[in-house]
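Proteins get letters first, then strands, A, B, ... in listed order; numbering begins at 1 in each. Any value given below was found using the heavy atoms of this structure, including those in side chains, with hydrogens, waters and symmetry copies removed. Because the structure is predicted, anything quoted here is derived from the model rather than measured.
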Amino acid sequence: MRFFRALFAGAIAAAFLASGVASQSDASQQNRTGRAGTFAIVNAKIVPITGPVIENGTVVIRDGKIAAVGANVAVPSGAERIDGRGLSVYPGMIDAATGLGLAEITGGANATMDIAETGSMNANAKAITAVNPHTSHVNVTRVNGVTTVHSAPTGDTIAGQSTVINLNGSTQAEMSVVPEFGLVINFPRVTTFGGFQPGVGPITLDFNEAVRRRDTQIEELKKMMADAEAYAKAKEASAKDSSIRPPATDLRLEAMVPYIRGERPILLAVERERDIRAAVKFLADNKLKGIIVGGQEAWMAADDLKKHNVPVIFTNIYSLPVRPDDPYDFLFEGPAQLQRAGVKFAVATGDGGAEVRDLPYHAGLAGAYGLPKEEALKAVTIYPAEILGIANRLGSVEVGKDANIVVTDGDILDPRTNIKYLFIGGRLLPLTSRHTDLFDSFKDRGASERRQ
Amino acid sequence: MKRRIGMLLGLAALAMLPISAAAQGGDVLIKNATVMTASRGTLENTDILIRGGKISRIGKNLPAGSARVIDATGKYVTPGIIDAHSHTMMSAVNEGTLSVTSMTRIRDVLNPTDVAIYRGLAGGVTAALLLHGSANSIGGQSSTVKLKYGRPVEDFLVAGAPEGIKFAMGENPKRSNFVIPGQQPRYPRTRMGVLEVIRDAFVRARDYKRSWDDFRAGKTRVPPRRDMELEPIVEILEGKRLVHAHGYRSDEQLNLLRLAEEFGFKIGTLQHGLEAFKFAPEIAKHGAGVSIFIDSWSYKLEGYDATPYNAYMLWKAGVNVSINSDSNERMRRLNLDAAKTMKYGGVPEQDALKMITLNPAIQLGIGSRTGSIDQNKDADIVIWSDHPFSPYAHAEITMIDGEVFFDRKADIERRGLLAKEREELEKLDLNKAPGSGGAAPRIPAERIRGDLGHSEDSDHDDQR
């Protein structure tokens, strides 16, 4: 830790001079990308997620990958040994629904917000181009064991393309796991909320008007998809036959092609059973690959979801039930209900960035309300990896996978547990953040006052 | 439409009422629990006898006598959680038209049927400080309540609890984030102005008090005209009313402590205090409490210089710290927020528990009657399925003054009946869906998290 501070002291001073102190980023924590090497965590409890727990074993990390895992693994010569006695080794946790890197200060600092583009059809807006590698949220999140996040724009009907990133790197490319993962569609729904009118407040729409607006939005969405299909066909025809003029390039339509062709998933933000069934039908009718995000009542539509193989990223552990007469634990039980119903699911925070570090406690609370502990752990590791299509690289402690590894002094879902070592892509990272810096700066102030 | 809503609300109320007559009143013996007292450590295999709503005896193998026995073998018992910053059960939060609204009272806008109360009980919360919002430098008068859901509003108010009032500094009272184009800005617009508004109010209150003192001493013959704005502020000067001051930046919160010292009173609590760690020794010396979020931050500019080590640093400096929710949602999981203080810095377990029980009780001036498991205190008690700091724990029973206001087992048993009743109600013509003869459904008004875009949502946008 000390090594990193000395190394980057010059850079810190330069950054402060250049930007002034009131920066949206966190100069003192920037570029702490850790160090590569060969590491062996020995005598540790290993929780591989995809296999049985190894009570006393070794994990070897080399060239950014997990090189060996097991009870009887030899430590390679030259490897840096980490004594794992009393510690547990987990895969880094994965938050499958965040806005991390796109939303620094959510209220009263619009200049730091890049999460919602204006306009309703923004397929070509790409999260990976706006994620700030130097946001303080990166370090604050990873030191709590969350190493990979799915970050998505929120916007209007078609909000843009999401990205999957590791929480380490000084450039977007260094962070990127899947640069363009899914197309975010806020599936149109009936709402009588008609926006705010200055000086008047919220406008309530007539119900029939609300239905009409929903139908119009769905028609617009379908037209956009049909246009994109026609655009793709015209381009293909032109490619085959040079006598056919290619269509003028349209970035919005072009961006939609891999999604309407079912090559990449559509992320549908929906909550109510009725809307979820409508969304699944929309996917099936148009032969799209899709994922439900939100999913308060997803378990009620389990039959549809299973039939069409649509997974759910559940983001509502920290939400209040909508209806006064919903059971108090209606949403705490959401993941347990999905698991019982056999729907593929993950537990995610749905947070803009600052509180993504709470991911383990979302899963833990699901565990307090019926989700078996092992499933709660899977819901923030291997399940999100599967849903995000990265299970070949991440989500478990297995040989050949990327070395996103967290070493703890207890159950990783327990709020009392401390993280002791953290690896992302095989790099050993300092356990520092804006928050530990503030702690270090002020923790002895009282003591020094008393000495005077 | 109105009738339909009425029926559904009736249903909801029924759902939440403690139904078992046996659960009400009478003596109770909680048997064989792990008791985390919050004052004298953790007692294994211990019984608690509750008599007349009070904790009558704590010990091993206590005789039940006529008391109803709750077997708590394998369970944990803690004092009820006290949330020292809440806006639950309030049908209004901000009277924001003036910069000083000390004449307004939260007492007048309490809604005892708010389902959020029940959800709080289900998270082990038994009492709360209900505060006016932070739209103005001096806000309205607070209420200290116990969450006696199902009872008339009078039963919620904690008799003898000191009166309180909300103050606010920084972004919210200067309306930084609430500018409406074309609307005349309200004074103040800067931190300079906020402090002067507060100073001005105290200067006026001091003059007003003097005019009454003079009248009472016979120096003047005509009684002064009563001033409902200044009377609560005179009570602050007289030490009869606690100030709960919303603020973020250390400089302005320190200025408030200095102003209070100048006028000869002590601040009750600094609320939020995300930068309180920067001047912990000054707070300790002044003697104010601090009531914080454990780790919320980055939701506004003045909430950016935050660290979850705040609780630890304040504790270390000897400040009375409580962890609050300011949210109907977060209120349900304050036990896990307290647990985090053990990780962030290393607050010992009992002191962590105190931050959601005894410490807020002391801050609210009700520490002699609640906040810990001690003889003769009110029986405000939670029985947990597991250690309350375990992520897998849930509250099983929540009692206030010895009465059960939440019982998970009974709640689950009632759900079948409720589903049946709902089904019957939905069959009524009145409740038919639109398109088959019914009226448009009511869209729930409460904004909740859920969409990917919820990060811009909050159930307390205008308060925290």
dist Ile412(B):CD1 -> Asp329(A):CG (nearest 0.5 Å) comes out at 6.5 Å
Rounded to the nearest 0.5 Å, how far does CZ of Phe277(B) lie from CG of Leu438(A)?
4.5 Å
In terms of heavy-atom proximity below 4.5 Å to chain A, should [X] be classed as side chain, backbone, both, or neither?
| X | result |
| --- | --- |
| Tyr344(B) | side chain |
| Asp305(B) | both |
| Asp386(B) | neither |
| Ser176(B) | neither |
| Ala393(B) | backbone |

So, for Ser296(B) and Glu355(A), which heavy atoms are closest and what is the spacing to 0.1 Å?
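Residues Ser296(B) and Glu355(A), closest heavy atoms: CA-OE2, 3.4 Å.
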Grab the two heavy atoms, one from Asp325(A) and one from Arg422(B), that are nearest each other, plus how far apart they are.
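Closest heavy-atom pair between Asp325(A) and Arg422(B): OD2-NH2, 2.9 Å.
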For [X], is it the side chain, the backbone, both, or neither that has a heavy atom closer than 4.5 Å to a heavy atom of chain B?
| X | value |
| --- | --- |
| Asp409(A) | neither |
| Asn144(A) | side chain |
| Ile317(A) | backbone |
| Val140(A) | side chain |
| Phe314(A) | neither |
| Thr204(A) | neither |
| Asp411(A) | side chain |

Under a 4.5 Å cutoff for heavy-atom pairs, which residue among [options] has the most contacts with chain B?
| options | result |
| --- | --- |
| Gly155(A), Gly99(A), Ala354(A), Gly108(A) | Ala354(A) |
| Pro202(A), Ala368(A), Ala109(A) | Ala368(A) |
| Gly107(A), Pro415(A), Gly364(A) | Pro415(A) |

Are Tyr369(A) and His394(B) near enough that their ring centres are under 6.0 Å apart?
yes
Taking the six-membered ring for Trp and the full ring for Phe, Tyr or His, determine whether the centres of Tyr328(A) and Phe406(B) are under 6.0 Å apart.
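When the ring centroids of Tyr328(A) and Phe406(B) are compared, they turn out to be within the sub-6.0 Å range.
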Taking the side chain as every heavy atom from C-beta outward, state whether [X] and [Y] have any atom pair closer than 4.5 Å.
| X | Y | result |
| --- | --- | --- |
| Ile105(A) | Tyr299(B) | no |
| Pro281(B) | Arg445(A) | yes |
| Arg332(B) | Leu320(A) | yes |
| Arg434(A) | Tyr304(B) | yes |
| His137(A) | Trp297(B) | yes |
| Phe439(A) | Tyr312(B) | yes |

Is the shortest side-chain N to carboxylate O distance from Lys343(B) to Asp414(A) below 4.0 Å?
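No salt bridge links Lys343(B) with Asp414(A).
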I'd like to know if Arg415(B) pairs up with Asp326(A) as an ion pair, taking the criterion as any Lys NZ or Arg NE/NH1/NH2 lying under 4.0 Å from an Asp or Glu carboxylate oxygen.
no
Mark yes or no for whether Arg416(A), through its side chain, and Leu336(B), through its backbone, hold a donor-acceptor pair below 3.5 Å.
no
Any sub-3.5 Å donor-acceptor pair from Thr307(B)'s side-chain atoms to Thr436(A)'s backbone N or O?
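Absent.
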Look at Glu171(B), Met313(B), Met342(B) and state which one has the largest set of heavy-atom pairs under 4.5 Å with chain A.
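Top count of heavy-atom pairs under 4.5 Å with chain A: Met313(B).
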Flag the one option from Ala306(B), Gly123(B), Gly303(B) with the top tally of heavy-atom pairs under 4.5 Å to chain A.
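Greatest number of close heavy-atom pairs with chain A: Ala306(B).
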Validate the cation-pi geometry between Lys373(A) and Tyr392(B): distance from NZ or CZ to the six-membered ring centre under 6.0 Å, angle to the ring axis within 45°.
yes
Compute both the distance and the angle, then confirm whether Arg333(B) meets the cation-pi test with Tyr318(A): under 6.0 Å from the six-membered ring centre, within 45 degrees of the axis.
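Output yes; distance and angle both within limits.
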